[in-house]
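In what follows, chains carry the letters A, B, and so on, assigned in the order in which the sequence lines appear, proteins first and then strands, with residues in each chain numbered from 1. Remember, predicted model here, so these are calculated numbers, not experimental data.
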There are 2 protein chains.
Amino acid sequence: MTESGKITIRDVARRAGVSLGTASRAMNAAPGVMARTRATVEAAARELGYQPNAAARALRSRSSRLIGCLFTDLENPLYARLYNSLQDRMAEEGFVTLINASSGRADRESRAVQTFAERGLDAIVVAPGNETDADLLALLRDFPAPIVVVDRDIEIGADRVLFDHDAGIRAAVSYLAGLGHRRILPVFSPIDTRPGRMRSTAFDAAMAEAGLDVPLRVAPDTPNSPVFAEVCAALAGPDRATAMIVQGTHVLSSALNALARLGLRVPEDMSLIAIGDSATTTDHVPALTALRLDRDGMVALIADRLLARIRGLDGPRQDDVIAYELVKRGSCMPPA
Amino acid sequence: MTESGKITIRDVARRAGVSLGTASRAMNAAPGVMARTRATVEAAARELGYQPNAAARALRSRSSRLIGCLFTDLENPLYARLYNSLQDRMAEEGFVTLINASSGRADRESRAVQTFAERGLDAIVVAPGNETDADLLALLRDFPAPIVVVDRDIEIGADRVLFDHDAGIRAAVSYLAGLGHRRILPVFSPIDTRPGRMRSTAFDAAMAEAGLDVPLRVAPDTPNSPVFAEVCAALAGPDRATAMIVQGTHVLSSALNALARLGLRVPEDMSLIAIGDSATTTDHVPALTALRLDRDGMVALIADRLLARIRGLDGPRQDDVIAYELVKRGSCMPPA
DNA sequence: ATGAAAGCGCTAACAG
DNA sequence: CTGTTAGCGCTTTCAT
């Protein structure tokens, strides 16, 4: 019935009794259109069920009104939520947001960037799993549209939004140290990418400043590797850690598993701080003290930067830093 | 340097010393092009770093080579993986796959479908959170391209890929009953959508057939609601259940939480079968017996159906059923 | 097998 | 403020 896809701007113009150009201007809220004319055109469009043809528009205007995201992992709540929020915000501005998950494989990431280029995306936001792949870096450097890099140490002359792992980890360590903990077990992701690298460095520095040793550490191979066995082993000795700082979702749940297996209760036998806040931390009983990113702030920052660059802002590339907040809940107490 | 985006098919044709039309035919592997000509054109394209303009192509050919997915939740491992696999498969066929997450809100779902229509997507696959919203259904019915519905009871004349919850739940119940369990606690999602509805029905039927009562059930408000308190309450009595069948990821982890709090070990004190297989089930210690969907089969089915319809297959709409497999691991044993 | 030409639907530049 | 016109880059007739 609606026969969508058949009605062109010509039909709208005819029905509104104006020229094609005027119809276009009216619908795009261009300056210099009489309010009355605009109303007439809009009414005609509505009555006809007019839907603009995105391809024609992109071809002519050289803007696809498409934004792309390249992340490693869709299941990661951080990225899933970032994508959701970004999508909402960009939709308000008339953009459609794509996402591509690479599982961290460099070849996939390169292909995705290439596809993005062919499709003429207006901008992309990337957090690739790989910070050093030459191919990917070249593709990114040559990318014909603005890029925002999220929490990766890659230098391609693009704007970046970076997380303040340093302050976050320091806050966690000093909270725990203040509670009286002296043996704190870090369970962090591998160091081949910015978050892992920075967390490890910050942790070591903070511990050193607090005069504490770091005899043991658990480093999952990937951000999603289970660490059950490693955590069990690390907690086996007589001088076991009395507190842990644990990253992520998968890693966190397998660490929790290990505690359960060892018969260690949180927080009585083990204090715990999670890096990143999600359903896993809030739904846990007791709710977990966590390092939470200011997600809304981050999305606003990314979106604003994206929009500004799309609109032609030509200033120097800029780095912005997003803070972590230590949300204190029930998973920490002084050691026994 | 590469100056991408500037080289058009004209440049390629000129360099190859052929006409524009021939260049197009050569690159699209159209019939009736001399092998030599094709080679020349392809070489020219490569040397120039030619990238076809997707918008122009879409405008002229009336095909965007874009596929859309409309799911409720990106964090849900099932959808995240379905999307990943589908994307891989469709990329091989030259399509880019978009995804949109609605969080189950009908208005968002309607807007997403509308956007998909404007963008001229070649096909969409949908698993909306809402099966009855009139607006959404109308939009879907009028959608100008093929649709594949995933596990939803919506009748819009589209092909569907449905999960066999009935056989799956029955297999789980009869396995547990065979082990000697008589009190089995179901922890299922709400019944306002196909999976929840079918699971509940199948569970009741299977229990009745096994001659077992269902005194208690836990039904989270949404597929992601925590059920800690409800599970604790349900397991409080003297005749507590000795086995549970639990859905999802979030629900599952909060149920596991509840067991830990109650001091109930799996499987010694409580047998447990998870609906859906993910890192949560495989990484748990002990690994959880789970109802696993044949994901590869599902993706192949969806992709084939999509492709066939895009290519004009005009047969009657079809329903396909995907089986669940009961993967036996360490979380079940006879009741004490 | 290839070349020439038309035109997809739209926006932007230029007149009036 | 509005009408007219010229393409955007490509695929697809229609000739040859």
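Checked for salt-bridge contact, B:E155 and B:R317 meet the test: a charged N lies under 4.0 Å from a carboxylate O. A salt bridge is defined here as a Lys NZ or Arg NE, NH1 or NH2 lying under 4.0 Å from an Asp or Glu carboxylate O, and A:D159 with A:R309 meets this definition. A salt bridge does not link B:D122 to B:R65: none of the charged nitrogens lies less than 4.0 Å from a carboxylate oxygen.
In this structure, the CZ atom of B:R14 is 12 Å from the P atom of D:dG9, given to the nearest Å. Between the P atom of D:dG9 and the CG atom of B:D11 lies a distance of 9 Å, rounded to the nearest Å. Spacing between atom CD of A:E118 and atom P of D:dG9 amounts to 16 Å, rounded to whole angstrom units. Note: CG (A:N53) to P (D:dC10) measures 17 Å, nearest angstrom. As a whole-Å value, the separation of B:R25 CZ from D:dA15 P is 15 Å. Straight-line distance from the CG atom of B:L20 to the P atom of D:dT11: 9 Å, rounded to whole Å. A straight line from CD1 of B:I9 to P of D:dT12 spans 11 Å, rounded to a whole angstrom. When rounded to the nearest whole Å, the span between CZ of A:R62 and C1' of D:dG9 equals 8 Å.
Between the base of C:dG9 and the side chain of B:R60 there is no donor-acceptor pair shorter than 3.5 Å. A donor N or O paired with an acceptor N or O is not found under 3.5 Å between the base of C:dT2 and the side-chain atoms of B:R36.
With D:dT11, C:dT2, D:dG9 as the choices, the nucleotide that has an atom nearest any side-chain atom of B:S24 turns out to be D:dT11. Across C:dC10, C:dG9, D:dT2, the shortest atom-to-atom separation from the side chain of A:M34 is found for D:dT2. In this structure, of D:dT11, C:dA13, C:dC10, it is C:dC10 that holds the atom nearest to the side chain of A:R57. Out of D:dG9, D:dT11, C:dG9, the shortest distance to the side chain of B:S61 is found at D:dT11. Taking only side-chain atoms of B:T37, from C-beta outward, the nucleotide of C:dA6, C:dT2, D:dT2 with the closest atom is C:dT2.
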**Request:** Dump the intermediate steps for side-chain hydrogen bond (donor to acceptor under 3.5 Å, both in side chains) on A:R119 and A:S64, then the final yes or no.
**Result:** CA-CA 8 Å; A:R119 291 276 164 180; A:S64 60; over 6 Å; no
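Between D:dT2 and A:S19, no contact under 4.0 Å exists linking OP1 or OP2 to a side-chain N or O. Taking side-chain N and O atoms only, B:N28 has a distance below 4.0 Å to OP1 or OP2 of D:dT11.
Mapping B:L59 and B:G21 onto DNA chain C via the closest heavy atom, the residue that lands nearer the 5' end is B:G21.
For the pairing with B:D319, the salt bridge (charged side-chain N to carboxylate O under 4.0 Å, His left out) check across B:R305, B:R160, B:R152 returns one residue only, B:R160.
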